[in-house]
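The structure appears right after this line, and notes come after that.
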Amino acid sequence: MSTVLAVIPARGGSKGVPGKNMAPVGDAPLITRAVRECRAAKLLTAVVVSTDDERIATAAHAAGAEVIERPAQISSDTATSESAVLHAMDVYQERHGVTVDVVLLVQCTSPFLTSEEVDGVAAAVLDGADTALTVAPFHGFVWREDPGAGAHGVNHDKSHRPRRQDRPEDLLETGAVYGMRAEGLRTEKHRFFGRTELVRTDPARVLEIDDPHDLARARALAPLLDGGRSDAPARPFPDYLPTRDDIDAVVLDFDGTQTDDRVLVDSEGREIVAVHRGDGLGIAALRRAGIPLLILSTEENPVVAARARKLRIPVLHGVERKDLALKQWCEEQHIAPERVLYAGNDVNDLPCFGLVGWPVAVANAHDIVRGAARAVTSAPGGAGAIREIASWILGKELTAS
């Protein structure tokens, strides 16, 4: 019987999305989702995770994968995935005294990977292909810009627009799963050699997470796409809310999160908002507990700064790119973004949701925002939602304060 090994490379570092491989989507972190689907595949002998990060190693082991420590020399952002696969394959063979016949490269940054896709790629190589990969049908017109020469069609003649049914079908590489004959990979040091087979997948499930916007989309789609899986939970994180052990900082949106999203304007054009005293109590308790706090808002109204002064916490307002401001603040405070709870209510909060480990939506948040959140308060914005969050984190400590 052939030995089929799945290798999931998962570095701890990521420039585009800090802590990306541990970022939660739906009911689990990305690394857990990938391990789970690989373990559900029928043709695999074993699943290993190659990582340089202790948290990823712990999560991978808990999900049922074997963990292989990835050396520093192949853990930089310039290291190839093939180098991680070759190293993991060598370690696995030495540990278990076996020879790997087929090796799969599985990328956990494809959150909607399925066990059927894993099996499809493995089967293609077992059935005679040298390499295989997942692809999805693609019917778009691709363009490329040449400096000084204008744009030209890549997969079409721009002077001719054939109907979709009259065009040859293009196939898009999904980035989810690659399969290789182990001997060929050792020789060629590259994932494509010899005869390559394509394994078609559902284009609706194709998404690669490279930046915070991708992560926000994945979180918004998870309730829909995971709901179609027979083993999916009814809702994300149904039985778990963040505690003091889970977070190192709390960052709060203002309008719609600490207010009810309404603005009153007097005859002189001054804007007035209403806040909730219970929220002030919760923020004060978090501050006394030594938890770093920040109000982050795109709103330029002086009322935001006035409220922050009242609460005695720092504020960044009038910020155009909240995600960039949040990332910089985390760096300055030496706080890992995956240890941050961010509370928001509208679509401009989604990029921040993509950065942090605990994105939280208030009860009356936009539907897409609630879908992208890891937890949702029962109280609406401006009606005690922040106090509720404080009670999750502090528990009895809040009651006693």
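When each of Thr298, Leu296, Val303 is checked for a side-chain contact (heavy atoms from CB on, under 4.5 Å) with Phe254, only Val303 meets the rule.
Gly382 approaches His276 most closely through the heavy-atom pair O-CB, 3.6 Å. What you find for Val49 and Ala65 is that their closest heavy atoms are CG2-CB, 3.8 Å.
Using a 4.0 Å cut-off between a side-chain N of Lys or Arg and a carboxylate O of Asp or Glu, Glu37 and Arg39 do not qualify as a salt bridge. Under the 4.0 Å criterion applied to side-chain N and carboxylate O atoms, Arg217 and Asp214 are assigned as salt-bridge partners. Salt-bridge check for Arg33 with Asp226: passed, with a basic side-chain N closer than 4.0 Å to an acidic carboxylate O. With salt bridges taken as basic N to acidic carboxylate O contacts below 4.0 Å, one links Glu82 and Arg191.
For the 3.5 Å distance criterion, the side chains of Thr131 and Thr196 qualify, holding a donor opposite an acceptor.
Shown here is Glu332, whose CD atom has more than 12 heavy atoms of other residues, nucleotides or ligands within 6.0 Å. Residue Gln328 qualifies as open at atom CD: its count of foreign heavy atoms under 6.0 Å is 12 or below. At most 12 non-hydrogen atoms from other residues, nucleotides or ligands lie less than 6.0 angstrom from CZ of Arg200.
At least one donor-acceptor pair closer than 3.5 Å links the side chain of Asn21 to the backbone N or O of Arg11. The backbone N or O of Ser297 sits nowhere less than 3.5 Å from a side-chain atom of His317 that would complete a donor-acceptor pair. Judged by distance alone, the side chain of Ser110 and the main-chain N or O of Phe112 form no donor-acceptor pair under 3.5 Å. Put simply, the side chain of Asp260 gets close to the backbone of Arg262: a donor and an acceptor are under 3.5 Å apart. Glu299 places no side-chain N or O within donor-acceptor distance of the main-chain N or O of Asp255, the cut-off being under 3.5 Å. Formation of a donor-acceptor pair under 3.5 Å by the Gln93 side chain with backbone atoms of Thr99 is not found in this model. No donor-acceptor pair under 3.5 Å is formed between the side chain of Arg339 and the backbone N or O of Trp358. Counting only distance, with no hydrogens or angles, the side chain of Arg287 and the backbone of Leu311 share a donor-acceptor pair below 3.5 Å.
A ring pair (Phe, Tyr, Trp, His ring centres under 6.0 Å) check over residues 180-224, counting only residues at least two apart or in different chains, returns the pairs Tyr178-Phe192, His190-Phe192. Pairs of residues two or more places apart, or lying in two chains, that qualify as salt bridge (Lys or Arg N to Asp or Glu O under 4.0 Å) and include a residue from residues 348-373 are Lys322-Asp349, Asp367-Arg370. Sequence neighbours left out, not one pair with a member in residues 102-111 passes salt bridge (Lys or Arg N to Asp or Glu O under 4.0 Å). Within the structure, every pair that satisfies the salt bridge (Lys or Arg N to Asp or Glu O under 4.0 Å) test and touches residues 117-133, not counting sequence neighbours, is listed here: Asp130-Arg181. A side-chain hydrogen bond (donor to acceptor under 3.5 Å, both in side chains) check over residues 54-73, counting only residues at least two apart or in different chains, returns the pairs Glu66-Arg95, Glu66-His96.
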Requested in this report: Take Asp101 and Val4, measure what side-chain contact (heavy atoms from CB on, under 4.5 Å) needs, and give me the verdict at the end.
Outcome: CA-CA 6 Å; Asp101 302 295; Val4 182; over 6 Å; no
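Thr32 meets the side chain to side chain donor-acceptor pair (under 3.5 Å) test with no other residue; sequence neighbours excluded.
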